[in-house]
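Convention: sequence-line order gives letters A, B, ...; per-chain numbering from 1.
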Protein chains: 2
Amino acid sequence: MEDVARHAGVALGTVSHVLNHPHKVAPATLERVRRSIDALGFVPDRRARALAAGTSNVIGFVVVDLSNSFFLDMARGAEQEAQRHGLNVLLANSDVQPEKELVYMHLFDEEHVAGILLAPLPTNADDVLRAGRWRRDVVVLNTVPGDPDSCAVTADNEIGGYLAARHLIDTGRRHLAFVGGPFTLSPVSDRHRGVERAVAESNGAVRLTTIKTSNVQAADGRKAGRQLAALPADGRPDGIVAAADLVAVGVVQAFLADGGPRVPDDVSVIGYDNNRAAWDSEIPLSTLAQPGEEMGREATRLLIEEIRHPAHHEHQRVHLEPTLIIRQSSTR
Amino acid sequence: MEDVARHAGVALGTVSHVLNHPHKVAPATLERVRRSIDALGFVPDRRARALAAGTSNVIGFVVVDLSNSFFLDMARGAEQEAQRHGLNVLLANSDVQPEKELVYMHLFDEEHVAGILLAPLPTNADDVLRAGRWRRDVVVLNTVPGDPDSCAVTADNEIGGYLAARHLIDTGRRHLAFVGGPFTLSPVSDRHRGVERAVAESNGAVRLTTIKTSNVQAADGRKAGRQLAALPADGRPDGIVAAADLVAVGVVQAFLADGGPRVPDDVSVIGYDNNRAAWDSEIPLSTLAQPGEEMGREATRLLIEEIRHPAHHEHQRVHLEPTLIIRQSSTR
DNA sequence: CTGAAAGCGCTAACAA
DNA sequence: TTGTTAGCGCTTTCAG
């Protein structure tokens with residue numbers, strides 16, 4: 001920068017002004033300095049700038065599992081919102097490892113980023129938040145921390161379950177089955193609870209069977225699907241709510257195989273997550289799209305608000321609703 | 001840090017020494033300073049440190065498409081290798097947008113990271129590399145830039161195609177079909193070339209049919225699969241090499257449906273990429289696993305070597321081979 | 001082994 | 001409007 005100043009025949013501070021407050025510089029000088037900047041190929045050092053000004057324009061996002069498109073959507077949303085405010089988002093993949101969550105939190109903290117978005121391992125959230133006395137503002141995604149000391153943005157899984165069941169009931173299904181597990185995963189149990197609520201609203205007109213699986217993979221769905229297919233046609237559920245798309249795909253695969261019930265004629269199937277799997281299924285799968293991008297945007301909005309107006313900022317808990325996507329598997 | 005110095009009754013420089021060269025400090029002082037650090041909850045400022053020392057310990061990784069697990073594997077590999085050297089990896093998702101590639105390159109450049117890993121849009125690679133006179137070392141992944149001015153690490157798709165075809169031929173298949181497209185994508189055409197080479201080696205004992213698809217999605221595979229299934233059994237290929245797992249999944253789905261050939265009894269199918277899709281397919285799919293992690297590790301190794309020993313560093317082009325994974329779809 | 005002081009590249013008062 | 005100067009928080013000579 002000193003070189004630029006010399007080259008343009010101005011003082012150091014003037015160059016800085018050209019960079020940060022161009023309107024406060026005489027047009028002629030401005031032009032001259034800018035030419036020198038180009039001529040010398042000068043590129044400002046963000047670290048020095050951040051150090052001197054005490055501000056940063058990067059937001060750090062610690063993500064538990066980037067291989068899950070739900071989280072990548074959050075990242076996209078965060079970027080969109082950040083960009084609107086002239087901020088950048090840098091991602092750190094903690095890869096489902098609690099220690100890495102901490103490592104990256106520390107990294108961003110010590111790096112003095114403007115703020116931190118944290119999508120943690122739900123079981124690890126409180127530990128991480130307590131572990132450091134973080135000097136940065138942090139907004140938590142996808143889980144509600146015990147401490148009310150930060151904003152949190154989550155997806156409402158109960159409503160998702162409700163919407164799924166509601167959709168099947170509205171299209172005439174009267175015997176639903178919920179397939180998924182383990183119930184220790186709160187998204188699974190929340191979705192199940194939503195299904196129960198929809199069923200309860202029918203005042204006995206709709207039955208619910210619950211098939212617990214050990215996981216939410218395609219194989220679990222196939223196993224459950226075979227069980228269901230083996231049932232006599234009149235005692236068989238006519239609407240399946242799967243806890244995840246992969247499970248739904250498995251169920252459909254099982255039904256397709258050994259002369260099982262036809263989808264969607266005999267039975268409707270709906271998944272959850274709007275994964276690729278839902279798209280790529282032979283029978284395109286109805287599903288609930290998680291509000292990932294929206295969550296990312298909202299979390300970033302809250303974070304920026306907190307950064308900009310620390311004084312009158314109230315921590316919030318925002319629950320965003322998933323969107324019902326109707327495809328062939330539940331259309332008759 | 002000044003507080004720490006005061007609290008411990010030492011000079012500023014001594015605290016710095018405790019942090020950076022502990023062995024050069026008297027055990028007693030060391031202990032005392034460390035206690036003060038804990039007591040005051042002092043956390044060093046990385047920006048200041050980087051600015052003063054002129055070094056950073058973060059590597060920036062600009063990734064074209066994090067939703068593709070291939071690239072996420074690279075990120076994992078990069079992290080592993082970086083960690084071995086006490087470095088951290090921060091990710092920037094350019095999301096298939098050329099402009100964002102540039103934005104993030106600039107960000108990392110101005111942030112004075114230790115070095116940059118770039119997995120670009122292949123068609124955009126040269127533009128990006130030329131766009132800035134980047135002051136950081138950069139290693140390119142997944143494409144070979146025209147300029148020989150940086151290291152590059154790629155996956156060898158030709159060998160992958162060869163290995164796939166070779167495997168089918170070795171297990172007795174004599175009429176192969178390559179399914180995929182568009183051929184303007186070099187991974188597709190490279191894989192095809194590999195298949196051709198394996199077929200050529202058979203000196204006429206093996207036939208090859210090529211079915212070009214407009215894309216590499218499941219739907220494309222299903223369409224091709226239906227075409228193949230409609231062929232008379234004796235004129236039908238008995239080994240399918242798909243350009244991607246999704247395509248292979250589609251082919252299998254089509255075969256499964258209308259009394260088509262049985263997989264793997266009548267026909268072997270092999271995919272490419274080792275996606276979830278390969279796993280979750282009803283008939284587990286043989287495939288070629290991309291050397292993603294290895295690429296990430298190797299690229300990072302080269303980058304660190306370049307950073308540490310700029311003098312005697314020679315730019316390299318490394319081609320890594322995919323790994324054949326045999327599952328049910330090609331086992332008889 | 002410890003302390004003092006210069007400086008990394010920049011910003012932001014404050015003066016001129 | 002432009003120049004001067006004092007830091008931002010740390011590292012690193014260089015004396016003591």
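- Rounded to whole Å, the distance from NE2 on A:His112 to C1' on C:dC10 is 16 Å.
- If you measure from atom CD1 of A:Ile37 to atom P of C:dC10, you get 10 Å, rounded to the nearest angstrom.
- Where A:Ser16 and B:Leu30 each meet DNA chain C at their nearest nucleotide, the meeting point lying more 5' is that of B:Leu30.
- Residue A:Glu314 qualifies as open at atom CD: its count of foreign heavy atoms under 6.0 Å is 12 or below.
- Side-chain atoms of A:Asp45 lie closest to C:dG9 of the nucleotides C:dG9, C:dT11, D:dC10.
- Judged by distance alone, the side chains of B:Asn93 and A:Arg76 never bring a donor and an acceptor atom under 3.5 Å apart.
- When each of C:dT2, C:dG9, D:dT11 is scored by its nearest atom to the side-chain atoms of B:Arg49, the top-ranked nucleotide is D:dT11.
- Between B:Lys24 atom NZ and D:dT12 atom P the separation is 11 Å, expressed in whole Å.
- Under the 3.5 Å distance criterion, with hydrogens and angles disregarded, no donor-acceptor pair is assigned to the side chains of A:Glu305 and A:His309.
- When the shell of 6.0 Å around CD of A:Gln80 is examined, it contains more than 12 heavy atoms from other residues, nucleotides or ligands.
- Atom CG of residue B:Leu91 and atom CG of residue B:Leu66 lie 5.5 Å apart, to the nearest 0.5 angstrom.
- Taking atom CZ of A:Arg47 as the reference point, atom P of D:dG7 lies 23 Å away to the nearest angstrom.
- The B:Pro44 side chain lies nearest to D:dC10 when the options are C:dC1, D:dC10, C:dT11.
- Both B:Ala28 and A:Leu51 lie close to DNA chain C; mapped to their nearest nucleotides by heavy-atom distance, the more 5′-ward contact belongs to B:Ala28.
- Taking atom CD of residue B:Glu2 and atom C1' of nucleotide D:dT11, one finds them 15 Å apart after rounding to whole Å.
- Within the 4.0 angstrom heavy-atom criterion, no nucleotide atom of any strand lies near A:Val15.
- Residue A:Asn20 contributes atom CG, which lies 12 Å from atom P of C:dA13 at whole-angstrom precision.
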Quick one: which protein N/O atoms are closer than 3.5 Å to N/O atoms of nucleotides 3-7 of chain C? Pair and distance per line, please.
| unit_1 | atom_1 | unit_2 | atom_2 | d |
| --- | --- | --- | --- | --- |
| C:dG3 | OP2 | B:Ala11 | N | 2.9 |
| C:dG3 | OP2 | B:Thr14 | OG1 | 2.8 |

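- A close approach under 4.0 Å does occur between a side-chain nitrogen or oxygen of A:His21 and OP1 or OP2 of C:dA12.
- Taking atom CZ of B:Arg6 as the reference point, atom C1' of D:dG9 lies 14 Å away to the nearest angstrom.
- Remark on the helix from C:dC1-D:dG16 to C:dA16-D:dT1: inter-end axis angle 40°, axes from five-pair C1' superpositions, rounded to 10°.
- With rounding to whole Å, A:Arg46 atom CZ is found 18 Å from C:dC8 atom C1'.
- Checking B:Gln290 against B:Asp73 by side-chain atom types alone, no donor-acceptor pair falls below 3.5 Å.
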